[in-house]
Amino acid sequence: MRPSKARPRAAIAAKTLRTDKWRTPPLTIGAILLLFIVYSTVRLFMGRYYVVGDYGYLTPLYSPCLFKDCVPAASHFGQPLPAMPFFIPLGAIVFPVVAGFRLTCYYYRKAYYRSLWLSPQACAVQEPHKKYTGETRFPLILQNSHRFFFYLAAVVLAINVWDALHTFRGADGHFGMGLGTLIIWINVLALAGYTASCHACRHAFGGKLKHFSKHPLRYRMWVLISKLNPKHGFYAMVSLWTVMATDFYIMAVSAGWFSDLRFFN
Ligand code: FES
């Protein structure tokens, strides 16, 4: 039952009475996020070592590579766009989509609201901000764009799958497979898990329906996504690491730091 009058908050002078390590999880995730941002920014502006043409390996940070100054082997969809000045990286198409998708993701929001934005900082911890307006004002109202980023990210995922199909190629043009193939496919699976378990994906299939019985296919998809959805945080973290690991492996092989371990051809 709703109380007739708003009750005042308990007058506790201490910032918090919590004695557990409530800062550790958000700070850890915040640090990993920062690492990803720094790593991907450095790689984006490097402009080199993003493709291993012999084996069809292309880093997800540069795909799709649609500019005239892309290495031809990296342009699985042609080069319809002109060459760009140095301050526009070759990954300029994909980066805003991926960054927007992750930045507005509910899981990451929770992490950086607690670790960086400090609003709310944690349950039962005093607010450092004077007032709490949630996501009703600028800039946080922009978080509502998440559903649109989801559709764009689904397109990027389809592109990643297409890129991964190119990795079954040997140096002589016939079938081949190496450690890079495995790494790239693991990354695609992690990204698929992350995208499919997204809350916006669940809503796209099961939202705004009055009768599931009239939409059996959407119902089945909704049931499937609902099983993945509780693991969204897991996929969010794993896919962050697999993107970095995939990019690093391709950079290392492309730069000649070591050779790809080949299983076939
Ligand atoms: Fe995390 Fe949609 S809620 S990607």
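Atoms within a ligand are numbered from 1 in the order they appear, just like the ligands themselves. On a predicted model such as this, the values are computed, not experimentally measured, just so you know. When reading the values below, keep in mind they use all heavy atoms of this one structure, side chains included, and skip hydrogens, waters and symmetry mates. Residues: numbered from 1 along the sequence shown.
Both tests do not hold together for Arg147 against Phe150: distance to the six-membered ring centre under 6.0 Å, angle to the ring axis within 45°.
Assignment of Phe101 to the shell around ligand 1 is supported, since a heavy atom sits closer than 4.0 Å. In this structure, Tyr108 has no heavy atom closer than 4.0 Å to ligand 1.
Of the heavy atoms in Phe150, none comes closer than 4.0 Å to ligand 1.
The aromatic rings of His146 and Phe101 sit parallel, their planes meeting at an angle under 30°, below the 60° perpendicular limit. Ring pair Tyr62/Tyr50 is parallel by interplanar angle, where below 30° counts as parallel and above 60° as perpendicular. Ring geometry for His232 versus Tyr107: interplanar angle over 60°, hence perpendicular rather than tilted (30 to 60°). Relative ring orientation between Tyr55 and Tyr57 is described as tilted, the plane-to-plane angle lying within the 30° to 60° band.
Less than 4.0 angstrom separates some heavy atom of Tyr194 from each of these atoms of ligand 1: 1 (Fe), 4 (S). Near Cys198, meaning under 4.0 Å from any of its heavy atoms, are these atoms of ligand 1: 2 (Fe), 3 (S), 4 (S). Each of the following atoms of ligand 1 lies closer than 4.0 Å to a heavy atom of Tyr106: 1 (Fe), 3 (S). The ligand atoms of ligand 1 that sit less than 4.0 angstrom from a heavy atom of His146 are 2 (Fe), 3 (S), 4 (S). Atoms of ligand 1 found under 4.0 Å from any heavy atom of Cys105 (numbered from 1 in listed order, with element): 1 (Fe), 3 (S), 4 (S). Every atom of ligand 1 with a heavy atom of His199 under 4.0 Å away is listed here by number and element: 2 (Fe), 3 (S).
For atom 2 (Fe) of ligand 1, the N/O/S atoms of Cys201 include none lying under 2.8 Å. Counting backbone and side-chain atoms alike, His232 contributes no N/O/S atom closer than 2.8 Å to atom 2 (Fe) of ligand 1.
Between Cys65 and Cys70, the SG-SG separation falls below 2.5 Å.
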In sequence, state the C-alpha distance, the side-chain angles, and the governing distance for Val243 and Asn187, and then conclude on side-chain contact (heavy atoms from CB on, under 4.5 Å). CA-CA 6 Å; Val243 166; Asn187 180 48; 3.5 Å; yes

Q. Step by step, would you call Tyr249 with Phe258 a ring pair (Phe, Tyr, Trp, His ring centres under 6.0 Å)?
A. CA-CA 9 Å; Tyr249 186 83; Phe258 52 76; 5.7 Å; yes

